[in-house]
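Here is the structure we will look at, set down as structure tokens.
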Amino acid sequence: MESSSVSADLHIILNDICCGAGHVDDLFPFFLRHAKQIFPMLDCMDDLRKISDLRLPPNWYPEARAIQRKIIFHAGPTNSGKTYHAIQRFLSAKSGIYCGPLKLLAHEIFQKSNAANVPCDLVTGEERVYANEDARQASHIACTIEMCSTNTPYEVAVIDEIQMIRDPARGWAWTRALLGLSAEEIHVCGEAAAIDLVTELMYTTGEEVEVRNYERLTPLTVLDYALESLDNLRPGDCIVCFSKNDIYSVSRQVEARGLECAVIYGSLPPGTKLEQAKKFNDPDDPCKILVATDAIGMGLNLCIKRIIFNSIVKPTINEKGEKEIDLITTSQALQIAGRAGRYGSSFKQGEVTTMHRDDLVQLKEILSEPVRPVKAAGLHPTAEQIEMFAYHLPDATLSNLIDIFVSLSQVDGLYFVCNIDDFKFLADMIQHIPLNLRSRYVFCTAPLNRKEPFVCTTLLKFARQFSRNEPLTFDWLCRHTKWPLAPPKNIKELVHLEAVHDVFDLYLWLSYRFMDMFPDAALVRSIQKKLDDIIQIGVCNITKLIRASQSSAAPGAAEVVPEDFPLSRTKRDSRVFSDHRGVKSPEPLSVALEVPGERRARSLKAYRSSARQEDLKSHGRGSLANRLLREGLLTQEMLRQLESEWQDQHRSGRYGLASKRDDESSSKETGKKKK
């Protein structure tokens with residue numbers, strides 16, 4: 001009523017109500033008009049519900065439904081030969097497609113196929129490599145799963161790591177491949193936990209599933225003792241950490257003992273990972289220890305004798321997008337542990353243990369539990385569906401369109417809508433830039449880590465220049481990234497080089513979608529290879545970089561990377577907690593991780609602070625000495641010398657006097673402060 005912009009008819013109604021001549025119900029038509037302005041979907045709700053109806057995904061792929069496909073599920077643990085048998089059928093077929101979760105896996109099949117005289121092309125988000133010199137498409141293709149074509153007919157298709165169909169971010173790609181590939185035979189490889197779901201999905205398409213079970217080819221033993229000290233390392237050992245901080249810390253401690261180690265973690269470029277793996281596998285190389293994250297779980301062939309879990313807790317993101325620390329799952333533990341004793345390597349038997357004694361019992365429990373069955377397959381709204389939404393809601397932003405789509409979507413019990421937080425983050429970031437909807441959608445599906453500010457800023461600049469119709473040239477990219485770059489002098493510089501490598505990947509990814517606007521893919525690929533070599537130099541000298549980072553840090557600073565990662569060790573206590581089966585039992589578990597009756601862990605921040613408080617409470621002089629010894633910062637000889645000097649000072653009374661003087665000066669300072 002106080003608004004100056006109220007329309008005359010509404011003003012009259014309000015006055016009538018105030019004077020008792022009208023009823024409040026008379027406002028309803030005006031409210032409805034307002035509601036339709038705020039929620040424009042109210043006028044076309046039926047159409048929007050039809051567009052966002054995701055209950056019958058098999059019907060999205062008419063080419064696949066037009067043929068009767070044969071589905072063969074190769075089920076087994078890591079190192080059981082399941083993928084090998086599927087690939088043999090792929091190689092013997094007249095035409096075939098291999099769909100894998102990683103560029104490294106696609107590249108491996110590409111190389112194997114061409115080495116076996118079966119011409120095979122490589123297709124990833126960032127590159128196309130043709131087997132034929134005249135750039136004719138070969139009959140066989142090895143690709144990352146997001147890049148598979150559902151329109152091209154094949155004799156054989158191989159879908160690797162099918163259990164990833166439940167992945168909250170990428171599961172939609174496996175669902176699309178399984179339902180949509182137009183191949184006479186579909187060979188699906190992965191954990192037995194996915195058999196029931198795949199069978200049910202194929203029942204809805206009228207296709208039967210033949211299951212072939214495989215056993216592990218080499219024995220895997222869970223040891224009865226923990227490593228406890230890095231002094232007990234042996235050639236062929238791999239220490240698995242779940243954070244970069246732990247990677248840096250452990251690799252430095254290993255090299256402090258005069259041992260050379262290779263380092264592999266997720267954000268390293270594929271070329272660097274392969275070089276580090278080659279270095280570790282080479283029997284003539286002095287490097288016999290590997291320090292790695294769970295990135296070794298797939299995609300790399302490694303000659304590992306023993307897997308050592310530095311920790312059995314891992315940072316995770318919960319349903320609300322919050323960071324938590326949780327125990328690794330049985331599936332994760334088996335995937336990593338299974339890398340030990342690879343068939344065909346120099347080690348005929350694999351072993352697995354933990355760094356710390358009190359983790360070993362828990363690891364044995366995790367490994368002995370059955371893998372939880374895969375319950376649902378991921379789905380993601382397509383560009384066509386979002387375009388149809390935009391037709392009905394022309395004034396809505398892309399982020400709002402996605403929100404409305406998800407809120408109205410109807411899914412069958414066999415499916416779920418994948419997490420769209422990353423998509424929405426990018427949509428909001430570039431919302432102010434004038435782009436057509438299809439281009440905006442493509443930019444928002446770009447594969448980047450939103451925690452890397454430099455990469456996100458670059459995407460923003462790409463989109464801005466793209467909107468002005470100005471091609472993004474090689475020279476522009478070199479200016480933006482300050483190329484050429486020098487080898488890193490500390491960890492911060494190494495992390496930046498990894499981000500620059502991701503920027504080059506982003507350019508290449510966009511160059512295959514907008515060739516005219518990103519014209520210099522060949523030049524960018526050439527400098528990316530040079531950057532890979534520079535990063536390799538940094539990784540080979542990683543302990544020097546850590547030392548440089550720590551010496552340049554402020555006094556008292558203990559960490560060399562941002563606080564995104566958990567501590568390598570937590571204090572242990574006997575608590576009642578819910579195990580994987582939901583049964584409460586007294587077991588030693590991290591104080592920082594569990595509270596009575598809950599298996600769910602607290603946030604990273606709470607975890608770190610409580611772990612540090614526990615450290616401060618419990619570490620006395622003896623444990624500090626032990627810790628320094630363990631980290632290679634103190635030798636037994638130095639410890640004996642310190643003890644001898646301390647005793648001499650104590651006997652001569654100098655220690656007591658100095659201590660007394662310190663106390664006096666301290667009390668004077670306190671007095672001054674009080675005044």
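These numbers come from a predicted model, not from an experiment. Quick note: numbers below take in every heavy atom, side chains included, and nothing from hydrogens, waters or symmetry partners.
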Does the pair [X]/[Y] count as a salt bridge with the N-to-O cut at 4.0 Å?
{"X": "Lys103", "Y": "Glu108", "answer": "no"}
{"X": "Glu498", "Y": "Lys244", "answer": "yes"}
{"X": "Lys314", "Y": "Asp326", "answer": "no"}
{"X": "Glu384", "Y": "Arg438", "answer": "yes"}
{"X": "Asp422", "Y": "Arg450", "answer": "yes"}
{"X": "Glu155", "Y": "Lys94", "answer": "no"}
{"X": "Arg372", "Y": "Glu191", "answer": "no"}

### Gln528 and Asp505: side chain donor to acceptor below 3.5 Å
yes

### Message
Among Thr293, Leu494, Ile535, Leu274, which residue satisfies the side chain to side chain contact (heavy atoms under 4.5 Å, CB included) criterion with Leu268?
### Response
Ile535

### Message
Using the rule side chain to side chain contact (heavy atoms under 4.5 Å, CB included), only one of Asn59, Leu178, Ile71, Leu179 pairs with Thr205; which is it?
### Response
Leu179

Can you name the nearest heavy-atom pair linking [X] to [Y], along with the distance?
{"X": "Pro315", "Y": "Phe242", "answer": "CD-O, 3.6 Å"}
{"X": "Met298", "Y": "Pro101", "answer": "SD-CG, 3.6 Å"}
{"X": "Ala157", "Y": "Ala183", "answer": "CB-CB, 3.8 Å"}
{"X": "Leu104", "Y": "Lys273", "answer": "CD1-CD, 4.1 Å"}

### Query
Yes or no on side-chain contact (heavy atoms from CB on, under 4.5 Å) for Tyr265 and Ser267, after CA distance, side-chain angles and deciding distance?
CA-CA 6 Å; Tyr265 51 88; Ser267 58; 3.3 Å; yes

### Query
Is the ring centre of Phe514 less than 6.0 Å from the ring centre of Phe443?
yes

### Ring center gap for Phe518 and Tyr512 short of 6.0 angstrom
no

### Task
Kindly indicate, with the supporting measurements, whether the criterion side-chain contact (heavy atoms from CB on, under 4.5 Å) is fulfilled by Ile247 and Ile264.
CA-CA 9 Å; Ile247 288 278; Ile264 295 173; over 6 Å; no

### Task
Would you please test Cys189 and Gln163 for side-chain contact (heavy atoms from CB on, under 4.5 Å) and show each step?
CA-CA 9 Å; Cys189 308; Gln163 70 277 0; over 6 Å; no

### Task
Please name all residues satisfying ring pair (Phe, Tyr, Trp, His ring centres under 6.0 Å) with His140, sequence neighbours left out, ordered by chain then number.
Phe90

### Summary
side chain to side chain donor-acceptor pair (under 3.5 Å) with His187: of His74, Glu210, Arg89, only one passes, and it is His74

